[in-house]
There are 2 protein chains.
Amino acid sequence: MDKQQLIDCHERIKPFIHNTPVLTSRLINEIAGADLYFKCENFQRMGAFKMRGAANAIMQLTDEQKQNGVVTHSSGNFAQALSLSAQSLGVKAYIVMPNSAPKVKKEAVKGYGGILVECESTLEARERESDRIVKEHGATFIHPSNDDHVILGQGTACKELLELRPSLDYVVTPVGGGGLIAGTALSAYYFGNNCKTIGGEPFEVDDAYRSLQSGKIETNTTTNTIADGLKTQLGDRNFPIIQKFVDEIVRVTEDEIISAMRFIWERLKIVCEPSSAVALAAVLKKKDDLANKKVGIIISGGNVDLSHLPF
Amino acid sequence: MDKQQLIDCHERIKPFIHNTPVLTSRLINEIAGADLYFKCENFQRMGAFKMRGAANAIMQLTDEQKQNGVVTHSSGNFAQALSLSAQSLGVKAYIVMPNSAPKVKKEAVKGYGGILVECESTLEARERESDRIVKEHGATFIHPSNDDHVILGQGTACKELLELRPSLDYVVTPVGGGGLIAGTALSAYYFGNNCKTIGGEPFEVDDAYRSLQSGKIETNTTTNTIADGLKTQLGDRNFPIIQKFVDEIVRVTEDEIISAMRFIWERLKIVCEPSSAVALAAVLKKKDDLANKKVGIIISGGNVDLSHLPF
């Protein structure tokens with residue numbers, strides 16, 4: 001994927017996304033010993049960066065494909081993102097979700113106009129159900145992270161950040177399925193001035209860290225993390241980009257995630273997901289290496305259940 | 001207080017404050033049936049609008065007064081605001097606080113360089129202690145809300161909001177000691193285009209509502225509200241301004257406050273105080289009157305104890 005594709009993608013999706021604000025805090029900078037710039041995708045439409053990739057993927061379809069709709073399986077932010085993007089573009093979105101998913105997530109999808117299709121809570125059942133919808137309705141399957149158009153879309157958050165702050169030394173994102181960090185690394189490479197990309201990942205789901213070590217896509221054996229957006233694994237589209245363009249993946253503990261999350265809420269006064277806090281936790285862990293550097297942090301989303309906070 | 005005083009005040013304090021962002025949400029607008037513009041003073045330095053008035057009050061002192069320091073009694077945001085403003089301006093700030101105040105508030109004052117002076121938990125003890133500091137150190141007493149320079153400073157948030165959104169029909173603030181709403185009403189009058197000021201006040205501490213009814217400053221008999229910043233009463237400097245320039249004070253229940261607070265956290269993805277939510281609660285209560293209007297809302301602050309949330 002080249003620079004022009006990122007530029008075209010950004011122009012394409014601009015009418016459907018917010019150019020989200022970038023926040024800073026003197027106090028956080030003092031404590032971090034670096035200049036941190038928080039790109040607030042929690043303020044994005046539907047509350048997460050996923051809107052960018054979803055919108056781009058749908059806009060790349062032919063008119064015939066658009067008429068038949070799109071389908072994905074997700075119980076997270078991509079489900080809402082695909083629903084809202086599809087609604088904005090007048091396209092049907094089938095969202096396959098395990099019937100065990102929280103009611104609030106099912107309602108959110110329906111609220112954004114998505115067609116909820118419930119199934120058993122196994123990966124096999126979800127894939128079978130998606131396949132059925134593809135066959136029956138001619139819908140196009142869109143993967144939440146392992147899709148070139150999705151990766152390009154997610155990269156536009158970093159592009160906007162670098163347009164505002166061209167001299168960043170680093171940009172840091174959480175690592176889940178790999179779409180955000182791959183897109184970010186591409187934008188950092190093409191639009192930054194020697195800007196390096198770092199990923200933050202919970203020890204509990206350190207598949208990306210181990211994949212970079214082993215040179216092949218690893219899976220998770222444990223998924224016992226509060227960062228529920230990061231339990232997914234890398235794919236064959238984003239892994240080569242991550243291998244080539246990501247500088248390092250920093251692993252953090254659950255306590256470090258919760259403490260970084262509290263820090264963001266208390267000091268930046270914003271509501272972010274545990275997954276977003278993983279990036280700040282990684283920055284604080286690498287404090288010595290990042291001293292006096294300019295560091296961008298992608299706050300990936302803000303969809304949390306206020307009745308179940310870790311503090 | 002005239003227009004030029006507000007303009008001068010704003011120019012004076014600009015180096016010490018943030019021009020805070022204004023957030024909007026399509027979803028909130030749909031539900032409210034109006035266009036709402038949230039002026040986010042929770043993103044202000046030290047986390048509340050109080051920074052504006054405190055900075056202005058200190059900057060108006062003579063050099064000799066500055067040398068002898070300032071004093072106030074407050075266990076809320078004004079304590080932190082006076083401490084940080086004083087520190088920024090190289091002035092000593094004595095903060096009289098009841099020894100029963102939460103440790104986190106005492107630490108915050110000390111963190112901003114304030115000199116903490118503890119006393120018994122009665123208004124009499126606090127006033128006696130302030131008087132002692134005035135006499136012993138020659139410090140200048142600065143009232144958190146009933147002070148012309150403080151009122152002017154607080155009015156600059158609305159001035160900034162109107163510079164960005166000149167055609168607001170209404171601006172809505174919470175009502176506590178009266179400094180914010182008085183300053184806001186002045187700015188709305190001088191800088192708005194027929195922009196009216198509305199106050200939101202908890203039923204539990206409806207002294208301002210009753211004061212406007214009776215024509216004299218009333219006190220509260222109950223203070224059983226979650227909006228802990230609004231328990232104070234009006235004063236002789238701000239009450240006449242409120243009488244002249246405020247259109248209406250709308251009272252809201254505790255449930256309405258908590259529900260509006262949750263709404264702001266979930267939809268705007270920002271952390272605000274219960275006191276701030278009172279303004280949105282008032283807007284939702286007056287939904288029929290405000291239909292299709294452009295309404296500014298001052299989110300007054302974001303200093304909350306995350307360990308004690310009402311949801």
Side-chain angles (χ1 to χ4, degrees), chain A residues 16-31 38 40-49 51 77 80 84 87-88 104 107-108 111-113 258-273 276-277 299-311, chain B residues 16-31 38 40-49 51 77 80 84 87-88 104 107-108 111-113 258-273 276-277 299-311:
Chain A
F16 301 96
I17 60 163
H18 296 318
N19 185 334
T20 53
V22 175
L23 295 183
T24 59
S25 157
R26 291 185 211 195
L27 222 77
I28 291 184
N29 287 352
E30 272 173 35
I31 289 163
F38 295 88
C40 290
E41 289 292 298
N42 55 327
F43 295 151
Q44 188 52 265
R45 289 184 72 197
M46 56 61 57
F49 71 91
M51 186 68 194
N77 283 328
Q80 297 179 45
L84 180 57
Q87 188 185 52
S88 302
V104 58
E107 291 304 319
Y112 289 130
I258 294 168
S259 150
M261 180 171 163
R262 185 168 189 138
F263 197 48
I264 292 169
W265 288 46
E266 283 185 339
R267 298 302 182 180
L268 277 187
K269 313 292 182 192
I270 61 172
V271 169
C272 75
E273 301 175 7
S276 304
I299 297 289
S300 50
N303 293 331
V304 283
D305 181 354
L306 292 178
S307 305
H308 292 93
L309 295 177
F311 32 73
Chain B
F16 301 95
I17 60 162
H18 296 318
N19 185 333
T20 52
V22 175
L23 296 183
T24 59
S25 157
R26 291 184 210 197
L27 222 76
I28 291 183
N29 287 352
E30 273 173 34
I31 290 162
F38 295 87
C40 290
E41 289 292 298
N42 55 328
F43 295 151
Q44 189 50 266
R45 289 184 72 199
M46 57 60 59
F49 72 91
M51 185 69 192
N77 283 328
Q80 297 179 44
L84 180 56
Q87 188 185 54
S88 303
V104 59
E107 292 303 319
Y112 289 130
I258 293 169
S259 152
M261 180 171 164
R262 185 168 190 139
F263 198 47
I264 291 169
W265 287 46
E266 283 184 341
R267 296 302 180 181
L268 277 187
K269 312 292 182 192
I270 63 172
V271 168
C272 76
E273 300 175 7
S276 304
I299 297 289
S300 50
N303 293 331
V304 282
D305 182 354
L306 292 178
S307 306
H308 293 93
L309 295 176
F311 32 73

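From a predicted model like this one, the values you see are computed outputs, not experimental measurements.
For S259(A), the side-chain hydrogen bond (donor to acceptor under 3.5 Å, both in side chains) test picks out no residue, with sequence neighbours left out.
The contact between R262(B) and chain A is made by backbone and side chain atoms together, counting heavy-atom distances below 4.5 Å.
Minimum heavy-atom separation, V271(A) to V271(B): CG2-CG2, 4.0 Å.
Note: Q44(A) CD to K269(B) NZ = 12.0 Å, rounded to the nearest 0.5 Å. One finds the SG atom of C40(A) at 11.5 Å from the CD1 atom of I270(B) (value rounded to the nearest 0.5 Å).
Ranked by non-hydrogen atom pairs under 4.5 Å with chain A, the options H18(B), R267(B), R45(B) are led by R45(B).
Counting heavy atoms from C-beta outward, F43(B) and L268(A) have side chains that stay 4.5 Å or more apart.
Identified by a heavy-atom distance below 4.5 Å to chain A, the contributing residues of residues 302-311 of chain B are G302(B), N303(B), D305(B), L306(B), S307(B), L309(B), F311(B), in residue-number order.
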